[in-house]
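What follows is one structure encoded as structure tokens, with my remarks underneath.
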Amino acid sequence: MKISTWNVNSVNARLEVILNWFREERPDVCSLQELKCIDEKFPYEAFESLGYNIAVHGQKTYNGVAILSKYPLSDITKGLKGEDEDEQARYLEAVVDAPHPFRVTSIYLPNGNPIGTEKYSYKLRWIERLMARATQLLALEERTILSGDYNIIPEPVDCYNPAMWVDDALFQTEVRAAFRRFKNLGYSDAFDLMPPADNRYTFWDYQAGAWQKNEGIRIDHHLMSPQAADKLSAFTIHKATRGFATENAKASDHVPVSVEFNL
DNA sequence: ATGTCTCCACGTTGGAGA
């Protein structure tokens with residue numbers, strides 16, 4: 001079972017490079033973030049023709065998350081409890097009805113910049129709402145995987161120059177502590193169990209030649225329940241994807257991150 | 001290097017968000 005997560009930065013603008021990657025890697029399940037389209041504009045047919053079942057939680061212009069699966073999806077939940085009238089499409093959860101089922105998510109945690117604003121306090125509140133759901137899910141003792149763009153740099157080593165990130169919402173002490181709390185709760189970061197030897201970054205900014213200079217950060221994560229972590233067999237950051245472009249589509253600023261399980 | 005990319009608006013360039 002291969003499960004991937006990818007912030008695609010517009011599923012329609014990026015469609016050609018996304019489909020190329022899917023044809024190459026053939027994930028059983030893939031969470032997408034930053035669709036930047038309403039449900040009706042999601043390119044269903046393109047993914048259905050590759051054999052995927054689709055759950056979409058879209059929104060006009062911003063945010064938007066999806067889950068694609070070669071197995072049927074059930075128990076689909078859009079959004080987190082709380083923050084009434086929260087219209088930001090940032091959370092999607094579903095059960096993958098495979099012979100060994102998985103509960104999977106697509107998480108697009110708020111960026112939160114600049115610090116000291118309502119955007120930052122919204123990020124902190126959103127983390128608490130995710131924490132509440134993660135706590136509930138842990139009690140189910142299922143194979144659960146919380147995948148997505150967390151917009152959290154866990155450790156100084158996870159960015160190219162920590163000094164440059166001290167005033168950024170992705171690297172605040174309380175945000176990093178919150179990421180640790182998920183782990184203390186009982187979730188394992190797939191990266192920690194199988195750190196790649198060559199690269200740890202999952203995002204390179206479009207600006208200032210960040211990709212060319214390899215000035216990246218690690219913000220896309222797979223947090224696994226114990227029942228899932230027991231079966232982890234591989235962890236891959238698809239770094240080369242950051243450099244791929246076609247005639248009709250440029251690269252996302254994030255790359256896909258995959259985990260595999262032997263069941 | 002306020003450097004790039006995407007989406008949207010009663011559009012034809014500029015603001016917002018990342």
Side-chain angles (χ1 to χ4, degrees), chain A residues 5-21 31-43 46 56-66 83 86-92 106-127 130 147-154 158-161 163-172 175-176 178-179 201-221 238-257:
Chain A
T5 184
W6 194 5
N7 179 322
V8 293
N9 185 18
S10 173
V11 69
N12 286 306
R14 211 71 62 205
L15 188 57
E16 201 168 274
V17 294
I18 298 171
L19 293 175
N20 283 346
W21 183 81
S31 295
L32 301 179
Q33 299 89 38
E34 277 208 89
L35 306 176
K36 294 190 172 182
C37 67
I38 57 174
D39 291 12
E40 292 74 15
K41 296 283 180 66
F42 187 90
V56 176
H57 183 29
Q59 179 187 335
K60 192 177 181 183
T61 311
Y62 303 119
N63 309 318
V65 287
E83 191 103 19
D86 184 0
E87 293 178 353
Q88 299 194 29
R90 296 179 173 276
Y91 182 83
L92 185 59
S106 184
I107 292 166
Y108 181 42
L109 205 145
N111 176 297
N113 276 306
I115 58 175
T117 66
E118 164 59 22
K119 288 182 180 181
Y120 184 66
S121 53
Y122 176 72
K123 177 177 194 167
L124 296 181
R125 294 197 304 275
W126 204 95
I127 290 172
L130 179 61
S147 308
D149 174 3
Y150 280 70
N151 271 313
I152 297 174
I153 300 167
D158 294 315
C159 55
Y160 65 93
N161 183 358
M164 290 190 63
W165 293 89
V166 292
D167 293 322
D168 195 285
L170 279 62
F171 196 54
Q172 292 307 292
V175 169
R176 293 176 49 207
F179 191 76
Y201 302 147
T202 66
F203 168 95
W204 292 259
D205 201 289
Y206 287 120
Q207 296 192 65
W211 166 242
Q212 289 75 10
K213 293 186 278 188
N214 194 30
E215 294 182 345
I217 55 178
R218 183 169 79 89
I219 56 175
D220 300 276
H221 308 298
H238 302 267
K239 181 180 181 182
T241 310
R242 185 61 180 79
F244 291 164
T246 70
E247 211 173 303
N248 300 310
K250 298 171 181 174
S252 173
D253 40 8
H254 297 250
V255 297
V257 180

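Naming convention: chains lettered A, B, ... in sequence-line order (proteins, then strands); numbering from 1 in each chain. As the structure is a prediction and not an experimental result, all values here were calculated from the model.
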Could you state the atom-to-atom distance from [atom1] of [X] to [atom2] of [N] in whole Å?
X: A:K123; N: B:dG17; atom1: NZ; atom2: P; answer: 16 Å
X: A:Q207; N: B:dA1; atom1: CD; atom2: C1'; answer: 10 Å
X: A:Q59; N: B:dA16; atom1: CD; atom2: P; answer: 17 Å
X: A:W204; N: B:dA18; atom1: CH2; atom2: C1'; answer: 17 Å
X: A:I115; N: B:dG17; atom1: CD1; atom2: C1'; answer: 18 Å
X: A:I219; N: B:dA18; atom1: CD1; atom2: P; answer: 12 Å
X: A:R90; N: B:dG17; atom1: CZ; atom2: P; answer: 11 Å
X: A:Y120; N: B:dG17; atom1: OH; atom2: C1'; answer: 19 Å

Between [M] and [N], how far apart are the [atom1] atoms? Round to whole Å, please.
N: B:dG15; M: B:dC10; atom1: P; value: 15 Å
N: B:dT13; M: B:dT2; atom1: P; value: 25 Å
N: B:dG11; M: B:dT6; atom1: P; value: 22 Å
N: B:dA18; M: B:dA1; atom1: P; value: 26 Å
N: B:dG17; M: B:dT12; atom1: C1'; value: 22 Å

Aromatic plane relationship, A:H221 with A:F179 - under 30° parallel, 30 to 60° tilted, over 60° perpendicular: tilted

Pair A:W211-A:D205, side-chain contact (heavy atoms from CB on, under 4.5 Å): steps then yes or no: CA-CA 7 Å; A:W211 166 242; A:D205 201 289; over 6 Å; no

Donor on one side chain, acceptor on other, [X] and [Y], under 3.5 Å:
X: A:N111; Y: A:K119; value: no
X: A:Y91; Y: A:N63; value: no
X: A:W6; Y: A:D220; value: no

Identified ring pair (Phe, Tyr, Trp, His ring centres under 6.0 Å) partner of A:H254 from the options A:Y206, A:Y150, A:F203: A:F203

Touch class at under 4.0 angstrom, heavy-atom based, for A:Y108 against every strand present: sugar-phosphate

Sugar-phosphate, base or nothing in reach of A:R242, heavy atoms under 4.0 Å: nothing

Test side-chain hydrogen bond (donor to acceptor under 3.5 Å, both in side chains) applied to A:D168 and A:N113, step by step: CA-CA 7 Å; A:D168 195 285; A:N113 276 306; 3.0 Å; yes

Summary of protein contacts for nucleotides 5-13 of chain B, nucleotide by nucleotide, where a base hit scores B, a sugar-phosphate-only hit scores S (4.0 Å, heavy atoms): SSSSS----

Most 5' of A:N151 and A:A208 on DNA chain B, judged by nearest nucleotide: A:A208

